[in-house]
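Naming: A, B, ... by sequence-line order, numbering from 1 per chain.
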Amino acid sequence: MLDPVFPQCHLLGIEGLSPLEINHLLDLADPYVEINRNRENASESLKGRTIVNLFFENSTRTRTSFELAALRLGANVINMQIGSSSVAKGETLIDTAVTLNAMHPDVLVVRHPQSGAVKLLSEKVNCAVINGGDGSHEHPTQALLDALTIRRRRSKIEGLKVAICGDVAHSRVARSNFYLLLTLGAEVRVIAPRTLIPSHVEKLGVQTFTDMRKGLKDCDIVMMLRVQNERMTGRLIPSVREYFRFFGLDREKLSLAKPDALIMHPGPMNRGVEIDSDVADDFERSVIREQVELGVAVRMAVLELLAKNLAATRTNVSAAS
Amino acid sequence: MSKGRASKTAYIGARLLDPATGLDETGDILTEDERIIGIGPNLFGGSPPSDAIVIDSNGLCASPGLIDMRVQIREPGEEHKESLRSAAEAAVAGGVTSMVCLPNTEPVLDDEATLEFVARRARLQALTKVYAYGAATKGLAGKELAEYGLLADAGAVGFTDGTVAISNSQVMRRVLSYAATFDLLVIQHPEDPALAGTGVMNSGETATRLGLSGIPLEAEIIMLERDIRLVEMTGGRYHAAHISTAESVKIIASAKSRGLRVTCDTAPFYSALNELSVGDYRTFAKLSPPLRSEEDRQAIVEGLKTGVIDVIASDHSPQDQDSKRLPFAQAAFGGSGLETLLAVSLDLVHNEQLTLLEVLSKLTCVPADLLGLDAGRLREGAPADLLFFDPDIGWKVIGDKFRSKSKNTPFDGRPVQGKVMRTVIDGRTVFKASPHANSA
């Protein structure tokens, strides 16, 4: 039977999801946190299912997290790191999708360097597709795990002031978080140099700040983004030292946020670039490791839900024929 | 009166001119240490404080010291052309109490250490206050952003690539955008380098007759129009340096009317001279941008009159003799400007094009506000940076008598009217004209 709240077979992005759908996903994920902590066998709900991690971009954390989530539910997992194989041989994205589809996987977890590529692929397959990050567009499971982390610590997201700091222009994490946090009623602030703030971002409903001290004032959550300094230095920011001085999170700037403000980071961190180790490792405030932990729970819930919906559709199709 | 109490000075009987408030009446100024502590008509009721040194101004004009927002000082790197010392001596003789130098030194002012070096060396001269622009791009190469935040903290009052325009539009977009992060001013030399090409003077009939390659007006116009589009896109603060064409005035006026944060300056060269000054291959009149046509000159004057042109800056670009004693095309661009800034600007008053207060505002409070300097005003609590001048004394510009190391001026031999009599910085008289000299 299709899930009554979330009947879709794909999770391509947060944009367009209702508060009900988002909270439903978080509710489904929440029990898995304890189950994972107790090392209990979650279930065998995905036994016999095949999950393919199709990654067109390097990833360790997200891929491992999805792999672990699938294994804990008893699924078979295949990791495909593309770039070295098909793409290098000139195969188009659609051909890759059609080829894989012919092997009848159940869920494809796809990461791709181009925005919109995962959606394109999802239109060519008849299995469930999870967006594991597409270009600078969306990374829905990251936003869900961030939301779960916040919700477990602060009980609700509505009314919280959340600062998202750093390279918003190139961040899919930022976009997914905008949609999710705004949908659930949080106030979202973007803090970055102008060169890293995409144009008209205010239209998405966020406030922008170029002075980190002003932006952090009274925030409940400080979410730092990774600076890809190798591709930005000189072009969008002059240097790492200048970036850290004005936009790096350190004890002094953090003091302007609420005294119990949580520090978040999607990882991997550049210590001394966007965040000072002193605050990154503050066990009272930093929930960075918890984010990683909850990522597995969120992905278990999403995999299980989509696989269930997929099975329901397939049953419907066979019943009809 | 003991020497130890000599920190107060009373300047009595001056024509007080404060363009910020429109004050223009006879009165007195009292300074203590580095500040003005009293100003106004009949300040002392006939008896100045007994512990003050009294200087009778005899009706001289007293205004805030001039602020020159565009000066090239060749230290570090080319001290044979100009040093901080010679530039500062020229500045005080020209009534300039604050000047801002371009970052095109060697090494370039693109890191805190070099900026601090210039600031420290300037303090040692204890003459004109020297501020600096930071490089807009590293090494003035027009490619990578310089560290605006750190440089601004170290004292940079704006960012520019000096005498070269940032020609890559994407880089200029990022420069404006990144500077807007900290609400910093970007100053552009508006000249499309590709279009200026190998040109050496204004494109036109004179250039054609002389057989010299021309720099078209469009080199300036296109760059200005592009920049203003980018300002509109990024929300940056933009200042166009030394505009020289009639069309430029229109472009700036239209940008201002659209509410963009755009300002500009011109130099006395462009309000007083036209391309005919090049005459018989006079390299002293080889400037960047080039002297333009008479119609352009008149439009520049008009722009000053209507207020479209905010600031007058000397555009002091010192060159040594060897760089100028060359065939025209090979000679360097630029001329000495500090010591003629006031007198040539006063032409605008004597020709009844602008009032004295209007000219002074473009040389004092307006640039001060643009750059965020605590200067340019006659009021209690302001720094005692004062200029005493006689607007009517006539003299003749003789470059060889300049205090600047750079003796080349396109005004050489020009009779001018208006003379700096005394320059006071932080309450100390740092320049006093010799009473009988009637040339620079």
| said: Heavy-atom count check: over 12 atoms from other residues, nucleotides or ligands less than 6.0 Å from B/Lys256 NZ? | reply: yes
| Quick one: which residues of residues 236-252 of chain A reach chain B at under 4.5 angstrom, heavy atoms only? | A/Leu236, A/Ile237, A/Pro238, A/Ser239, A/Arg241, A/Glu242, A/Arg245, A/Phe246, A/Phe247
| query | Taking atom CZ of A/Arg61 as the centre, does the number of heavy atoms from other residues, nucleotides or ligands within less than 6.0 Å exceed 12? | reply | yes
| said: Can you tell me which portion of B/Asp153 sits under 4.5 Å from chain A's heavy atoms? Options are side chain, backbone, both or neither. | reply: side chain
| query | Would you say B/Arg261 has more than 12 foreign heavy atoms packed within less than 6.0 Å of its CZ? | reply | yes
| Side chain, backbone, both or neither: which part of B/Ala146 has a heavy atom under 4.5 Å from chain A? | backbone
| query | Should the heavy atoms of other residues, nucleotides or ligands under 6.0 Å from NZ of A/Lys258 be counted, would the total exceed 12? | reply | yes
| message | With a 6.0 Å cut-off (strictly less than), is the heavy-atom count around CZ of B/Arg237, excluding the residue itself, greater than 12? | response | yes
| Taking only heavy atoms into account, what residues of residues 193-205 of chain A are found under 4.5 Å from chain B? | A/Pro193, A/Arg194, A/Thr195
| note | If one checks every heavy atom of B/Thr234 against chain A at 4.5 Å, the contacting part turns out to be backbone
| So does A/Lys217 have more than 12 non-hydrogen atoms from other groups sitting under 6.0 Å from NZ? | no
| task | List the atom of B/Thr181, the atom of A/Thr210, and the distance in Å for their closest heavy-atom pair. | result | O-OG1, 3.0 Å
